[in-house]
Amino acid sequence: PRSITTEAVTPSSSMKDSFSKYAEYLNQFNDKRERVVKASRDITINSKKVIFQVHRISKNNKDEVLEKAEKDLSTVKDQHIARLVNELQGTDFWKLRRAYSPGIQEYVEAATLCKFCTAGTLLNLDEINAMLLPLSDPSSEPLQINILDYILGLADLTGELMRLAIGRISDGELEYAEKICRFVREIYRELTLVAPKMDDSSDMKTKMDVMLQSVMKIENACFSVHVRGSEYIPLIGSDDASYTLLGVPDFE
Amino acid sequence: PRSITTEAVTPSSSMKDSFSKYAEYLNQFNDKRERVVKASRDITINSKKVIFQVHRISKNNKDEVLEKAEKDLSTVKDQHIARLVNELQGTDFWKLRRAYSPGIQEYVEAATLCKFCTAGTLLNLDEINAMLLPLSDPSSEPLQINILDYILGLADLTGELMRLAIGRISDGELEYAEKICRFVREIYRELTLVAPKMDDSSDMKTKMDVMLQSVMKIENACFSVHVRGSEYIPLIGSDDASYTLLGVPDFE
Amino acid sequence: AAVEKQFDEFRHRLEESGSLRDRIRAVATEIESTTRIMHSSLLLIHQSRPIPEVLEKAKTQIDVLKQLFSQLGEIVRESPGQYYRYHGDWRTEAQQVVSLFGFMHWLETGDLIIHTEVEEKLGLNASEFGLDVEDYLIGICFMSNELPRYVVNQVTAGDYDCPRKVLKFLTDLHASFRLLNLRNDFLRKKFDGMKYDLRRVEEVYYDVKIRGLASNGDPKGDQTIQET
Amino acid sequence: AAVEKQFDEFRHRLEESGSLRDRIRAVATEIESTTRIMHSSLLLIHQSRPIPEVLEKAKTQIDVLKQLFSQLGEIVRESPGQYYRYHGDWRTEAQQVVSLFGFMHWLETGDLIIHTEVEEKLGLNASEFGLDVEDYLIGICFMSNELPRYVVNQVTAGDYDCPRKVLKFLTDLHASFRLLNLRNDFLRKKFDGMKYDLRRVEEVYYDVKIRGLASNGDPKGDQTIQET
Amino acid sequence: AAVEKQFDEFRHRLEESGSLRDRIRAVATEIESTTRIMHSSLLLIHQSRPIPEVLEKAKTQIDVLKQLFSQLGEIVRESPGQYYRYHGDWRTEAQQVVSLFGFMHWLETGDLIIHTEVEEKLGLNASEFGLDVEDYLIGICFMSNELPRYVVNQVTAGDYDCPRKVLKFLTDLHASFRLLNLRNDFLRKKFDGMKYDLRRVEEVYYDVKIRGLASNGDPKGDQTIQET
Amino acid sequence: AAVEKQFDEFRHRLEESGSLRDRIRAVATEIESTTRIMHSSLLLIHQSRPIPEVLEKAKTQIDVLKQLFSQLGEIVRESPGQYYRYHGDWRTEAQQVVSLFGFMHWLETGDLIIHTEVEEKLGLNASEFGLDVEDYLIGICFMSNELPRYVVNQVTAGDYDCPRKVLKFLTDLHASFRLLNLRNDFLRKKFDGMKYDLRRVEEVYYDVKIRGLASNGDPKGDQTIQET
Amino acid sequence: AAVEKQFDEFRHRLEESGSLRDRIRAVATEIESTTRIMHSSLLLIHQSRPIPEVLEKAKTQIDVLKQLFSQLGEIVRESPGQYYRYHGDWRTEAQQVVSLFGFMHWLETGDLIIHTEVEEKLGLNASEFGLDVEDYLIGICFMSNELPRYVVNQVTAGDYDCPRKVLKFLTDLHASFRLLNLRNDFLRKKFDGMKYDLRRVEEVYYDVKIRGLASNGDPKGDQTIQET
Amino acid sequence: AAVEKQFDEFRHRLEESGSLRDRIRAVATEIESTTRIMHSSLLLIHQSRPIPEVLEKAKTQIDVLKQLFSQLGEIVRESPGQYYRYHGDWRTEAQQVVSLFGFMHWLETGDLIIHTEVEEKLGLNASEFGLDVEDYLIGICFMSNELPRYVVNQVTAGDYDCPRKVLKFLTDLHASFRLLNLRNDFLRKKFDGMKYDLRRVEEVYYDVKIRGLASNGDPKGDQTIQET
Ligand SMILES: [Mn+2]
Ligand SMILES: [Mn+2]
């Protein structure tokens, strides 16, 4: 019996040629995306471990704890970020940004936290990027963390600094906490002007709200130590003027 | 100067011992979860490729297309599901279910689709699970796909069958489409009684709605072919009774 | 002060990229408005105006588009390696361009416009500022959505050979798409829609066929589409 | 028919697991209600009732809980290898039990109850039906939340030695938790809360100290908590 | 003591109403599960099984439902004047029952089941424990949603007279609903949805009619819809 | 005192605007209910009742609407220059009125009702209390949504000339809308929907044409759409 | 005709219950506005105005409320046995009334207002139109939320005996609530919140005590909370 | 032709209002960016920089804002009587301006900025282009949200008199707002939030007072809040 429909189930060869090119392109690209996602997950999980290591500091073990954290951090860089760099070699970094952005943000969070604890300063984007340079093949354009991921990581940093500040107050390191407070306030203030200019500012808006909460938590903790400390002198009348509530003469 | 706070930054040794055990447990467990997630992603992406391969069938290339699909499917099993089995060896399969469930569901979708196309029947859970048995070390409990993941995969299968049916009608294989229609209707009907009993039935409720949409899309397509075909005889008055609209005498 | 300096620089750079984006959006809006005019001209095809006349009118916009894409390319090249950062701001418009060019090309030649042909018509250079492959494919799906309507209106106007030609073309196109492993949900959804276009064209072809209206009853192996 | 048979079996199995879940929920509800009674008894500690009296009353519920967990274990064991399938249905209750046992244990001994001790008290057997480690840890965080309130009320009632003891304990506990690499967001959030408990207890300790009310001004190296 | 006494009484009353609600939910769950079985049987209608056979199977559940509603009524009557306090706990199920009974009744008689007929079939007594009017109306809307699918499948199976009958029925039903002044609530939304059912059935009737498949075979000038 | 005085005044003003809004909402609700009745009458057109009869019934509501809009205008004029402050409270209703008037006008004359004609029928005065242009356009889009249904039902009832007329009207209307530069808003979305109405009417015209049912009976070479 | 008759009746009944609900909402709005005025007067307590003066002003609204509840009762009684059908429309307001009456009663007498006392003050008759027990309990929880603020402000104003009294009251209230078996619902959530009120009051009492500000001036060994 | 003419005119009018809106949005964006700079300067107040220095820096933006609002006014006046048509496009920005001006005014004078003062500072003229009352009120609520943080940081920096002053201000402000009859809208929600600001400031004042840190140094019997 006849059939009405066309029998041409195989497309014309020129069309087929074009489409096998498209198909190959899509296959390779999707595979690469998968590898990038996996590298990003590894960067995230190992950066989180570095952050936890930092939270293990107390008054008397700073050096050893931070030394280990820095070591772990460079392992993250050398092992996992290196993998990412390798994958992205030669592609437009922006095309796969959504696939690796979470890992990079967490790495920024860990790296800036370490730096603040060791040096008391903000690790600049240029400094981080300089550290990444050796990972790239000199012949192709090196992977550089973009402003957006750096800022998003920084926004999360303030949450970790809040935890650090509460811990430091418990350990009697009030000045350390106040230093964190000033630092976080400064970051917050700077970001108020930068946040609305981000590519996707709605995410950042939420992060700004959370950041303000963190700032206020530190401020409230400092307030509380302050008013409580005020009772010391009138009641005890000690002549030991350095006897503040949770004095930390050994900080720095 | 004295400090009021305790200096005991190191916990008492017995407490520390317990907690290092907890810490080790959590570290190992989280690492395992990461590896399971990655295996699951690989299973997903490769099962999706199998599904696309199946959609490449047309009236004249069924055997070769399906042969390749089946081959690819067993590669998914031997390479990626085997990895999963290896990771899960000896752990409670339910503990990490959320980490591997997406991959398993996609695999079920691919496997049942292949089976329907080759044999016209539903691949049973027991049959799939029997195929997985050789992957497990005989000494430990073998990984078996649970009912829930099987049913969730089956629910997605109906979407693929809908695509297949529309394609078959285009290719003139009306009977094939009607066969799919009956098959999908049966699955839908069976699932109406099963769905509300699922562990998390809210997810399933959405899938049931989508499934009904798929059933109706096939029914509408069959309806449309039917009413259009009805015009043939009165107008042409041909004596060739087998000359139906999109007759597919060569199907089966 | 170091902190302040860094953030000053950030603000500066973000403002720069913000203004870049504004300029991109401005060009994209013009592209959009040009494609609307082009589409408007092409719509007359559904009222059975002669193809050459319709195409001629639509083609007057090609140079405008070429010009706009050249502007777009220049803007994007100011920020090297960041094509995909701003991609989302013009991709819908690019897909629409592909769809229209594809339809016009098909009307003229009966063939599918290929990726590099679109780039060429727009004066794009793949190594610097090219057309994304997925955008090309999505645009082709949009083009396919226009075909059933075209066929219906052509038959209404008495052109009974049209369904056969469109059916041949769409069958080939559909088969080609099946070679792809799609991941992107949007593209996959668009491709699913192509199945329905194909079905609709088949139905029209059938309607014409059973009434003996088709000029040539045998659709097999016919390669005469290009002859038109 | 094969399909039908399979689905019949599915329905059967799902009904089974559904009814299993119902039975688990029923036991969990009883556990919840027993822990409420226990908690209610323990609350009297905030009104400065003598510890032995309070504990005695609370302890009467331990056997009830043991009994209920034994029922739970039996039900769960009916479905081997699926502990974690139903885990979500009783974990909140288990955490609450850990919290209460931990508090009672601390009141009695000054020490942290450890994971296996909780299992023992509940008659659990880790190899068959044990206590999940995360549940244990979350329960311990809940316990920590009770301590500031306890300290405040004890000082109000004139027990000025309490802040020192609690501070020592909580400092140790906090240091121990820092050894963990937490991933689970809920547990991490709970652990963050422990920091605030610690701070509050410090504040009370400070209040007592500067007023010369603490029995022993020197908190260093004190291991006398157990002596109470 | 007055306070204590009061709280004793409260506990008592809350437990009572809590357990009442539990019992209602238990019966409602059974109703739900029975309607599912019924629905599942009715689904066979789409596979062109003979109506009597399909109905017979579905009808076996009517007695079960009657029994369950009698239980429900008894429970609710324990708490006189509080029908609407617990109404929310079974209304979805009641609407589903109406929908199914309505569909079966229509299959059998071609007529709309009326409110009192549903009550009768369920053994309800409006003065004591009746069927809420809104629930009846919502259930009828649900029934309407089933009709387009039924029509499509009937035509595919060769029953070309079905669209006309359904269209007549749905047009009347829609007109009846329009007489109501509906508030902007759930019922209104459901009723607005009925418009789409009507439109779909009109389209199917159109498809059949234009091809001369409708029973009178003559696509021209047929006015028989109005004549019925 | 300045503060106190300020807040006194604020209270006064807020109460005033609150009550104004309440009154507007009350009138809008009545408009809504009147348009429902009108719509209900017009629906009979789908059952092939004679146009004059249907229109006559619907027209009885025009005076009611005029009266209500006059009330609305008076209320709004109490607060000069604040038309757009309260606009959101009645615009949906105004759009519905446009849609119905437009449909009736088309049934009567075959032409599009124009903006000033609607204002006139409602007794509105553009300089004081007019009809917003966007509301007019949205209402026209709603009217277009009714046309495919009308065509389908007319053909079913044997009026084979209807599709050609509606297609001509809708093609022109669509072309007119294309002249507007619409922003990406609600109106644009509604207009995009009009494309589907047009396509559906083309399909019905095709169905009629290919079966030789169109008035001139000849499916070949008919160019009569353009000739009109 | 049976169908038509049925729908006529439905329309009638739905209109009736719709208008009933409107009237209930209107009264509830007035209740809400009266409780706002009452609350506003009571707020002065936080600025240390003398209790009698504050209460006197607030009490002027009691009669208004009584009047409104009497209206409410009349409306609801029009539709016997349907108290709970409309209950959701006024329950938030009723809870607010309980909260305010409870606070006033406590300020005056130091005791908890009991359920029947609220009914009495509102002129309600439990057998006809009473106060729902859950609403009473939720209202009491709202009242408890006000107490920490009251204590803080009283201490600031120099009333150091207040924390002890409030703590006693709240401890008792909390213990009473613990006797109830609450379901996992809104009331349970509100009750869980009461714990925080209690904790805050304990903290204030602690602050006062440790500084020797409590009336008996002696921070040591004071057991007077229990003695009261 | 009437239709064509009509659509020509529509295109014209829609383009006009579209471009007006674009220009308004452009100015609003600049206002937003200016208020950000202002806000950023004001944030230094939390780091205990001297008030005059902080204010001076912030004030440099006032003229910029005045200038921008003058532009805004000019644009809006082009379209008389349509203030509220475009109001939504700049109201968030206006609220933010009110909030900042209110905070600065309070820092300078201790008083609430009143509505006309804001208009004056912005060079607005109520009769032509004024500040909407609701925007003013919402802005004041935003300002209130800043106060608790300010008080906490001032106390930390050693200014113990600040809580008393802020509490006085906020209590008065809250009382003023209570006089308004707010609808259940955005403003009402913002106002409800003010209660939490008030409560937090009360707590800070309490903390300072109970430790004898308040200016008069005497924690007992101080009634000076009321005396002001
Ligand atoms: Mn983090
Ligand atoms: Mn799928």
Side-chain angles (χ1 to χ4, degrees), chain C residues 25 28-30 32-50 53-54 57 89 92-93 96 99 142 145-163 193 196-197 199-201 203-215, chain F residues 148 151 155 160-185 187-189 191-228:
Chain C
R25 286 303 312 147
T29 303
E30 283 189 64
E32 209 267 329
S33 140
T34 309
T35 56
R36 285 210 162 240
I37 294 167
M38 207 167 183
H39 193 195
S40 213
S41 313
L42 277 174
L43 280 179
L44 294 171
I45 209 82
H46 294 298
Q47 292 166 53
S48 306
R49 295 281 175 80
E53 178 199 319
V54 169
K57 213 173 159 194
D89 290 315
T92 316
E93 286 77 14
Q96 183 61 6
S99 161
F142 286 143
N145 299 161
E146 289 293 313
L147 297 177
R149 195 184 163 200
Y150 177 66
V151 168
V152 161
N153 289 322
Q154 283 300 103
V155 169
T156 306
D159 171 3
Y160 300 116
D161 197 35
C162 177
Y196 289 95
D197 301 329
R199 277 231 308 116
R200 181 65 188 136
V201 173
E203 289 176 350
V204 176
Y205 179 60
Y206 170 82
D207 279 341
V208 167
K209 200 76 191 298
I210 59 168
R211 290 177 175 83
L213 298 169
S215 52
Chain F
V151 168
V155 169
Y160 301 117
D161 198 33
C162 177
R164 190 185 53 80
K165 286 187 295 188
V166 174
L167 182 54
K168 174 79 180 72
F169 175 71
L170 211 47
T171 303
D172 286 359
L173 183 63
H174 190 257
S176 296
F177 262 87
R178 288 197 74 90
L179 297 175
L180 308 175
N181 276 321
L182 299 179
R183 307 171 69 79
N184 261 319
D185 56 6
L187 174 53
R188 169 79 159 272
K189 230 178 96 192
F191 166 57
D192 286 345
M194 192 188 282
K195 187 173 68 190
Y196 296 98
D197 302 327
L198 183 56
R199 193 176 284 204
R200 182 65 188 135
V201 174
E202 284 171 358
E203 301 241 330
V204 175
Y205 182 55
Y206 160 88
D207 279 339
V208 165
K209 200 82 188 294
I210 201 164
R211 286 175 182 83
L213 299 169
S215 49
N216 49 2
D218 175 14
K220 290 191 189 168
D222 184 335
Q223 298 289 339
T224 42
I225 304 182
Q226 281 74 29
E227 90 200 0
T228 326

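Note on naming: letters A, B, ... go to the chains in the order of the sequence lines (proteins, then strands), and numbering restarts at 1 for each one.
- Using a 4.5 Å cut-off between heavy atoms, C:Arg36 contacts chain F through both its backbone and its side chain.
- Taken to the nearest 0.5 Å, the CG atom of C:Asn153 stands 7.0 Å off from the CG atom of F:Leu167.
- A side-chain N or O of F:Tyr206 and one of C:Asp207 form a donor-acceptor pair less than 3.5 Å apart.
- At a threshold of 4.5 Å between non-hydrogen side-chain atoms, the residues F:Leu198 and C:Arg149 count as touching.
- No side-chain heavy atom of F:Ile210 sits under 4.5 Å from any side-chain heavy atom of C:Thr156.
- You'll find the side chain of F:Arg178 reaches within 4.5 Å of the side chain of C:Leu43, heavy atoms only.
- A salt bridge between F:Arg188 and C:Glu32 is present, with a side-chain N of the basic residue lying under 4.0 Å from a carboxylate O of the acidic one.
- Closest approach of F:Arg199 to C:Asn145, counting heavy atoms only: NH1-O, 3.4 Å.
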